[in-house]
Amino acid sequence: MRFEDLQLIQPLLRAVRQQGYTEPTPIQTQAIPHVLTGRDLIGLAQTGTGKTAAFALPILQRLIDADTRHGGKTRCFVQVLVLAPTRELASQISESFSAYGQHTQLRQTTIFGGVSQRPQVSELKRGVNIVVATPGRLLDLMNQGLIRLDRLEVLVLDEADRMLDMGFMPDIKRIIAGLPVRRQTLLFSATMPPDIEQLARTILVDPVQVAVAPESTTVEAIEQRVFFVEKGDKRKLLQHLLDDYNMH
Ligand code: AMP
């Protein structure tokens with residue numbers, strides 16, 4: 001499979017080549033065609049699988065296509081919101097959007113807490129198409145009326161399970177309550193704990209699910225048990241267990 005086979009347009013193919021990517025990763029091969037059609041998607045994938053490009057490339061393409069339909073004039077309002085658990089991840093995602101979108105007119109910015117909000121607010125005022133944000137600061141700006149999301153087209157929740165672990169779920173629910181109901185929603189998570197499954201059920205519409213690593217890597221047929229022993233007794237315990245003829 002080549003990037004060309006994924007029906008990506010030239011400005012994106014050029015950017016991908018400049019990144020040195022020769023072929024799409026499995027999550028990209030699986031996710032890109034669905035995201036291009038506008039479908040909601042659940043992606044079970046960890047960082048390192050190339051999941052950022054799996055959503056960023058088709059999202060950029062959809063924005064460019066929409067612009068072309070509107071006479072080629074880049075429209076400047078927040079069309080895409082990506083929520084990520086940490087400032088570091090948000091910055092990485094932003095860098096990826098910049099790299100993949102370098103041959104387009106689309107504008108983007110990053111929003112996170114722990115720093116002054118002023119530069120972030122002025123960036124928003126200049127007009128951006130894509131916002132990558134951590135939930136706390138974004139909600140803060142929403143509550144102050146400093147960001148308009150009423151024309152949002154795509155929402156991405158990245159590393160949803162980590163956002164849950166970090167206690168962001170109430171913030172995320174409040175943010176989503178302030179977004180247009182008609183939108184494309186993409187949810188990426190390395191694992192699917194019940195709370196994330198429940199969230200997915202409420203915010204995604206008829207999602208397609210793609211996975212690149214099995215949710216659980218343990219083999220069902222193997223029974224596992226934990227024994228707490230002193231370090232010095234480990235070898236004796238192992239010997240004892242192996243002597244048991246019931247142990248296969
Ligand atoms: P991610 O899982 O999105 O954090 O990506 C992990 C790393 O893989 C990043 O450094 C990307 O630049 C890189 N990457 C993404 N897609 C590809 C690809 N198709 N070929 C080679 N490297 C890639």
Side-chain angles (χ1 to χ4, degrees), residues 1-37 39-64 80-104 106 108-112 129-135 154-166 168 172 184-193 196 200 204 207-217:
M1 173 73 80
R2 302 170 316 151
F3 277 105
E4 284 78 1
D5 301 325
L6 292 169
Q7 317 296 328
L8 291 174
I9 52 177
Q10 278 306 326
L12 300 179
L13 290 175
R14 238 174 95 200
V16 160
R17 272 198 299 273
Q18 279 169 305
Q19 290 300 301
Y21 303 170
T22 48
E23 56 181 34
T25 65
I27 186 78
Q28 291 162 6
T29 310
Q30 291 182 61
I32 289 175
H34 292 299
V35 182
L36 279 177
T37 65
R39 262 192 91 164
D40 282 4
L41 177 133
I42 298 174
L44 281 166
Q46 294 176 339
T47 291
T49 53
K51 69 179 159 63
T52 315
F55 63 80
L57 288 169
I59 285 176
L60 286 165
Q61 177 143 330
R62 280 172 61 77
L63 297 192
I64 297 164
V80 179
L81 172 65
V82 183
L83 291 178
T86 64
R87 166 190 179 149
E88 289 73 24
L89 184 64
S91 303
Q92 275 172 36
I93 296 168
S94 258
E95 280 164 25
S96 298
F97 268 106
S98 292
Y100 307 143
Q102 61 182 297
H103 303 299
T104 74
L106 296 163
Q108 47 115 4
T109 197
T110 323
I111 284 174
F112 46 77
N129 306 94
I130 299 155
V131 170
V132 185
T134 52
V154 188
L155 168 69
V156 183
L157 299 178
D158 197 16
E159 301 208 351
D161 50 356
R162 254 177 95 197
M163 291 203 277
L164 173 77
D165 288 346
M166 291 172 72
F168 280 133
I172 290 173
Q184 181 178 21
T185 308
L186 314 174
L187 183 148
F188 287 85
S189 200
T191 57
M192 255 306 149
I196 297 294
L204 295 138
V208 56
Q209 182 161 320
V210 299
V212 289
E215 206 174 323
S216 157
T217 46

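What you are looking at is a predicted structure, and each value in this text was computed from that prediction instead of being measured. Every number for a ligand or one of its atoms is a count from 1 in the order of the listing. We use all heavy atoms of the structure for the numbers below, so side chains are in, but hydrogens, waters and symmetry mates are not. Note that the numbering runs from 1 along the sequence shown for the chain.
Side chain of T86 to main chain of L89: a donor-acceptor pair is present (N/O by atom type, distance under 3.5 Å, no hydrogens or angles). A donor-acceptor pair under 3.5 Å is absent between the side-chain atoms of S94 and the main chain of V132, judged by distance alone.
Enumerated by chain and number, the residues approaching ligand 1 to less than 4.0 Å through a heavy atom are F3, Y21, E23, P24, T25, Q28, T47, G48, T49, G50, K51, T52.
Between M1 and L6, the closest side-chain pair of non-hydrogen atoms falls below 4.5 Å. Residues P33 and Q7 form no side-chain contact, since every pair of their non-hydrogen atoms from C-beta on lies 4.5 Å or further apart.
For F188, the ring-ring contact (aromatic ring centres under 6.0 Å, His included) partners two or more places apart in sequence, or in a different chain, are F55.
Rounding to the nearest 0.5 angstrom, the gap separating the OG1 atom in T134 from the CZ atom in R87 is 9.5 Å.
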